[in-house]
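Letters A, B, ... are given to chains in the order of the sequence lines, protein chains preceding strands, and every chain is numbered from 1.
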Amino acid sequence: MLDPKYVREHEAEVRQALENCRSKVDLSLYLDLERRRRDLMVSVDKRKARLNQASEEMGRMKKEGKDISQYQSKLKELSDEIKQMDGEIAAVEKDFRDVELQVCNLPHPSVPVGGEEANQEVRRVGEPKQFDFKPKTHDELGVGLGILDFEKAAKISGARFFTLWNLGAKLERALVNFMLDHHASKGYQELVVPHLVAYESMEMSGQFPKFIEQAFAVEKDNLYLIPTAEVSLANLHRGETLPAGSLPKKYAAFSPCYRREAGSYGKDTKGLIRLHQFNKVELFQFVEPEKSMEALEALTADAEDILKKLGLPYRVVALATGDKSFASTKTYDLEVWLPSQNTYREISSCSNCTDFQARRGGIKFKREGGGKPELVHTLNGSGLAVGRTWLAILENYQKADGSVEIPEVLRPYLGGQTVISRP
RNA sequence: GGAGAGAUGGCAGAGUGGUCGAAUGCGUCUGACUCGAAAUCAGAUUUACGCGCAAGCGUAACGGGGGUUCGAAUCCCUCUCUCUCCGCCA
């Protein structure tokens, strides 16, 4: 959500920004509704002031034992008029909010303008390994090693689910522990958070109403499955004013993520790339506004550390205005090298959401020297998507015989195991 | 799932229809006293929105929503959450 006052006063700039973001929102409608809301408020407030004054007067008269019945019908009229106008305001406010919730965050000036094709590679780290054999895909490897099975999952749940077995399952668990331990060392507090959340939580983080079709819903209980732990972490301080000195707050949480992937039926049908349920370690920060851009660099670096330590080649991409996420002012994607696809694939997305989520959720903080509470800035990033890390390890560490070497940093988490091979 | 109790400002805690945005205490801030501090005294101390160049003014908010009334923190309905007891349960 944007500051309506800012939008009103910077119409041209906002219009351009929304166009750059491929937003279909009708800004004129937004401004018109905002104007009408204020006009109505001014006139109803005047009437309320009159009514309040009169009611006070009535109280005084009654105390003095005077008869007030003659005024009551007159005031009843005024009161009814106010009620009717309040109804109108509520209707306009609802319309305004419906539009307002469709407006994405404005992109930072440093964000390249354009669609996906305008995404900018910022840096590459690590050299893709040259194989002297044709590298297999991770599902060939995983299924071959007996540590990955989709057929069982299909029987249990349907398409886009998976099962991991033995060292495959242990590798997943090792990755989660390794990631969380690393982030703890960087000052993140570790949390376990709800996976089923209320509508308001999804709305606050920016998922709803725009992406409601992408969420699994437990309709009977009015709950939604989180598509990322970002949702729960973002809502941790909803409606709070954080005391001076409490920022930055850095949180890390492991959770499964549930996504309907509606409309992606043809895409990534094989393997672990695109699933209805996958595991992820999520990073989240609440920071002071002037520090959020710098925090985005730091948070991205924290996620990159995992890839570096695992020895996985990757690149960092600054997403263009039309490709960045809805709530974000700037997003870096981390893309890991996949030999079987001979390309880089997204494994993490790190965003600065500025005050966009904070405004929706009413999350403020106080500064040391006093002063009015201000909205915080929020950031989130995957650190990392565990399933995609799992598959990247299989592909990048595979050997000609179909076995997979275990990256050094993970061995302590796997009882010293150095390789996954056919039993 | 059943029975009951409760939700008020940063915290504690009054307030059951009429100058209540809300007593009092604590906390916090400012000033006085002091070499300084403590203690004491005086004052201040919510937020959002709107109008205004500004000083300021207006409106709203006592868990959320709705209702009764000229007027609601106070009465009625409803939802949510918290607590206690019973049942069930990993």
Fill in: Gap between atoms CD and C1', on A:E93 and B:A61 respectively (whole Å)
14 Å

Worksheet item: Just how far, in rounded Å, is C1' of B:A48 from CZ of A:R359?
Response: 13 Å

Worksheet item: A:Y199 has an atom OH; how far is it from atom C1' of B:C79, in whole Å?
Response: 18 Å

Fill in: Gap in Å between the two P atoms, one belonging to B:C26 and one to B:G13, rounded
15 Å

Discussion item. Checking side-chain polar atoms at under 3.5 Å, does A:K330 have a donor or acceptor matched by the opposite partner on A:S110?
Written reply: yes

Worksheet item: Could you run down nucleotides 54-60 of chain B 5' to 3' and tag each one B, S or - for protein heavy-atom contact under 4.0 Å?
Response: ----BSS

Worksheet item: What distance, rounded to whole Å, do you find between the two C1' atoms, one in B:C76 and one in B:G17?
Response: 13 Å

Practice prompt. Say whether A:S351 and A:K324, considering side chains only, have a donor N or O and an acceptor N or O under 3.5 Å apart.
Written response: no

Worksheet item: Hey, does the Lys NZ or Arg CZ of A:K249 hover above the aromatic six-ring of A:F286, less than 6.0 Å from the centre and inside 45° of the axis?
Response: no

Discussion item. Once rounded to the nearest 0.5 Å, what's the spacing between atom CG of A:L272 and atom CZ of A:R160?
Written reply: 12.0 Å

Discussion item. Taking only the C1' atom of each, what is the distance from B:G66 to B:A72 in whole angstrom?
Written reply: 14 Å

Worksheet entry | Test ring pair (Phe, Tyr, Trp, His ring centres under 6.0 Å) applied to A:H195 - qualifying residues, sequence neighbours left out | none

Practice prompt. Sticking with atom C1', work out how far B:C62 lies from B:A23, rounded to a whole angstrom.
Written response: 14 Å

Worksheet item: Excluding sequence neighbours, so at least two apart, what forms ring pair (Phe, Tyr, Trp, His ring centres under 6.0 Å) with A:H182?
Response: none

Worksheet item: So with a 6.0 Å cut-off around CD of A:E151, is the heavy-atom count from everything else above 12?
Response: no

Practice prompt. May I have the distance from A:K372 (atom NZ) to B:A48 (atom C1'), rounded to whole angstrom?
Written response: 9 Å

Worksheet item: Rounded to the Å, how far apart are A:L242 CG and B:U47 P?
Response: 15 Å

Item to complete: At under 4.0 Å between heavy atoms, which parts of nucleotides 66-76 of chain B does protein reach? Answer with one letter per nucleotide, 5' to 3': B base, S sugar-phosphate only, - none.
Response: --SBBS-----

Worksheet item: When you check the phosphate oxygens OP1 and OP2 of B:A48, does a side-chain N or O of A:K364 lie under 4.0 Å from one of them?
Response: yes

Fill in: Partner residues of A:L236 under the side-chain contact (heavy atoms from CB on, under 4.5 Å) criterion, sequence neighbours left out
A:L191, A:L233, A:Y251

Worksheet item: With sequence neighbours excluded, what pairs up with A:Y71 under the side-chain contact (heavy atoms from CB on, under 4.5 Å) test?
Response: A:M58, A:M61

Practice prompt. Would you please indicate if the ring centroids of A:F326 and A:F356 are separated by under 6.0 Å?
Written response: yes

Worksheet item: Tell me, which of residues 32-43 of chain A have any heavy atom that sits under 4.0 Å from an atom in RNA chain B?
Response: A:R38, A:M41, A:V42

Worksheet item: What distance, rounded to whole Å, do you find between the two P atoms, one in B:A90 and one in B:A3?
Response: 25 Å

Item to complete: Only counting residues at least two apart or in another chain, list the ones meeting side-chain contact (heavy atoms from CB on, under 4.5 Å) with A:D95.
Response: A:L33

Discussion item. Roughly how many Å apart are B:C29 and B:U84, using the P atom of each and rounding to a whole number?
Written reply: 36 Å

Which donor-acceptor pairs under 3.5 Å do the side chains of residues 16-25 of chain A make with protein atoms, sequence neighbours left out?
{"from": "A:Q16", "atom 1": "NE2", "to": "A:N20", "atom 2": "OD1", "distance (Å)": "3.0"}
{"from": "A:S23", "atom 1": "OG", "to": "A:V25", "atom 2": "N", "distance (Å)": "3.2"}

Practice prompt. Grab the CG-C1' distance between A:D3 and B:G50 for me, whole Å please.
Written response: 14 Å

Worksheet entry | Each stem that RNA chain B is part of, given as range with range (3 or more consecutive Watson-Crick or G-U pairs, under 3.5 Å) | B:1-7 with B:80-86, B:10-12 with B:24-26, B:27-32 with B:40-45, B:46-51 with B:56-61, B:63-67 with B:75-79

Practice prompt. Sticking with atom C1', work out how far B:G64 lies from B:U8, rounded to a whole angstrom.
Written response: 15 Å

Practice prompt. Using the P atoms only, state how far B:G31 lies from B:A22, rounded to an integer number of Å.
Written response: 26 Å

Fill in: Atom pair distance, as rounded to whole Å: CD in A:E200 and P in B:G65
12 Å

Worksheet, complete the sentence: Sorted by chain and number, sequence neighbours left out, ring pair (Phe, Tyr, Trp, His ring centres under 6.0 Å) with A:F208 holds for A:Y199, A:Y224

Discussion item. Suppose we screen for side chain to side chain donor-acceptor pair (under 3.5 Å). Which residues come up paired with A:N177, at least two apart in sequence or across chains?
Written reply: none

Worksheet item: Can we say A:D45 and A:R50 salt-bridge, meaning some charged N sits less than 4.0 Å from an Asp/Glu carboxylate O?
Response: no

Discussion item. At 4.0 Å (heavy atoms only), tell me whether A:P243 reaches a base, stays on the sugar-phosphate, or touches nothing.
Written reply: nothing

